[in-house]
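Right, one structure below, let's go through it.
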Amino acid sequence: MKETNRGLKAEARPIFPTGEASYAASEVDVPEMPVAREVPFPQSTPAVVVGKILFVDKAGQEHGCSGASIVSDSGNTVWTAGHCVHPGDGSGGDGFHKNITFMPGFKKNADVPDGYDAPWGKWTATKKVAPTQWTADGDVEDADMAAFNVTVPPEYTSLTAAVGALVYRFGEGSDFSDVIDSGFPGEGYKRTDMDGFKQFYCTGNAEDASDLNPLDDRVKVDCDMGRGASGGPIATTEAQIISANSHYEVEADGVTRKNDDLFGSEHGDQAVFVINEINK
């Protein structure tokens with residue numbers, strides 16, 4: 001059993017561009033929707049608060065993740081999963097992925113060399129923070145979370161001013177009613193329509209992954225999104241991030257997905273550490 005200092009909490013208020021729609025109309029019940037649907041108007045606010053992340057690993061291979069603009073002191077911060085910025089292999093500060101880029105409103109365009117458009121700009125990572133439990137051990141139960149600051153493209157003043165920002169509710173456990181889980185999945189559980197270019201979302205409840213919590217600190221959401229949705233926010237209808245998509249479980253063959261459960265690390269002390277560090 002790991003030793004942790006438990007009990008830290010952190011919260012903040014949401015920000016969206018003036019006059020634009022909020023992340024959710026109000027604090028309302030949302031339906032149980034484990035079969036993900038495409039996000040309507042994905043190139044408009046508030047959908048663009050969630051974006052595609054591309055990065056290059058140490059082998060030179062490009063991969064895709066998801067993330068969300070989050071309220072921070074700089075106004076230029078993205079929240080995502082730890083494995084979207086670092087392999088969690090003990091390589092420490094030198095092991096962070098290269099060319100990490102956040103792209104709100106990401107969409108396919110076969111007529112351009114890159115094969116995609118980034119209508120809200122390409123925001124490249126500068127400062128990156130992940131828990132030591134992730135960078136040293138790849139701990140998916142407690143620490144698969146991260147934040148990074150971004151360089152502002154010339155046509156914008158800040159990420160928050162451009163697309164808005166979700167807030168956070170860290171240190172309050174893993175049981176939350178009425179959450180929205182978003183991301184850019186490249187595949188899904190018994191799905192053939194997910195290609196990494198479209199934003200999808202599920203709705204329902206977040207709950208403890210195990211009755212052994214805090215031995216198992218994961219958050220579980222019934223959602224059939226798969227790889228590529230990693231790092232996408234699990235948020236309340238009040239636009240509060242309470243976790244980030246991390247992984248799903250597989251059968252003994254190490255390949256076949258068991259079910260539509262999607263997991264994230266509980267955002268407690270480790271998440272409070274990350275948001276505090278990125279704000280320094």
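Note on residues 101-124: pairs passing ring-ring contact (aromatic ring centres under 6.0 Å, His included), not counting sequence neighbours, are Phe106-Tyr116, Phe106-Phe197, Trp123-Tyr156. Applying the disulfide (SG to SG under 2.5 Å) test to residues at least two apart or on different chains, the pairs with a partner in residues 47-86 are Cys65-Cys84.
Checking Ile278, Val274, Leu166 one by one against Trp79, the side-chain contact (heavy atoms from CB on, under 4.5 Å) holds for a single residue, Val274.
In terms of modelled atom types and a separation under 3.5 Å, the side chain of Trp134 and the main chain of His86 share a donor-acceptor contact. A donor-acceptor pair is defined here as one N or O able to donate and one able to accept, closer than 3.5 Å; no such pair exists between the side chain of Lys52 and the backbone of Gly105.
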*With salt bridge (Lys or Arg N to Asp or Glu O under 4.0 Å) as the test, would you mind laying out the steps for Glu141 and Arg218 before giving the verdict?*
CA-CA 5 Å; Glu141 291 186 3; Arg218 296 178 300 165; 5.1 Å; no
*asked:* Show, in sequence, the C-alpha distance, side-chain angles and deciding distance for Lys122 and Asp114, and conclude whether the salt bridge (Lys or Arg N to Asp or Glu O under 4.0 Å) test is met.
replied: CA-CA 13 Å; Lys122 297 181 179 181; Asp114 288 335; 3.4 Å; yes
*Tell me, with the steps shown, if Asp224 and Arg191 meet salt bridge (Lys or Arg N to Asp or Glu O under 4.0 Å).*
CA-CA 8 Å; Asp224 61 359; Arg191 299 288 292 262; 2.9 Å; yes
*Yes or no on salt bridge (Lys or Arg N to Asp or Glu O under 4.0 Å) for Glu187 and Arg257, after CA distance, side-chain angles and deciding distance?*
CA-CA 11 Å; Glu187 51 88 27; Arg257 184 170 174 174; 5.1 Å; no
*Please step through side chain to side chain donor-acceptor pair (under 3.5 Å) for the pair His247 and Asp144, ending with a clear verdict.*
CA-CA 9 Å; His247 63 282; Asp144 193 6; 5.1 Å; no
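Using modelled atom types and a 3.5 Å distance limit, the side chains of Ser74 and Asn76 yield no donor-acceptor pair. Using a 3.5 Å distance cut-off with no hydrogens or angles, the side chains of Glu38 and Gln199 do not pair a donor with an acceptor. Between Asp253 and Thr256, the side chains place a donor N or O and an acceptor N or O closer than 3.5 Å (distance only, hydrogens not considered). In this model, a donor atom of one side chain and an acceptor atom of the other lie less than 3.5 Å apart for Thr77 and Asn149.
Clustering ILVMFWY residues whenever any of their side-chain heavy atoms sit less than 4.5 angstrom apart, transitively, puts Phe55 in the very cluster that holds Val150.
Under the rule for a salt bridge (charged side-chain N to carboxylate O under 4.0 Å, His left out), the partners of Asp195 that lie at least two apart in sequence or sit in another chain are Lys198.
The residues Asp260 and Lys258 are annotated as not salt-bridged, no charged nitrogen and carboxylate oxygen being separated by less than 4.0 angstrom.
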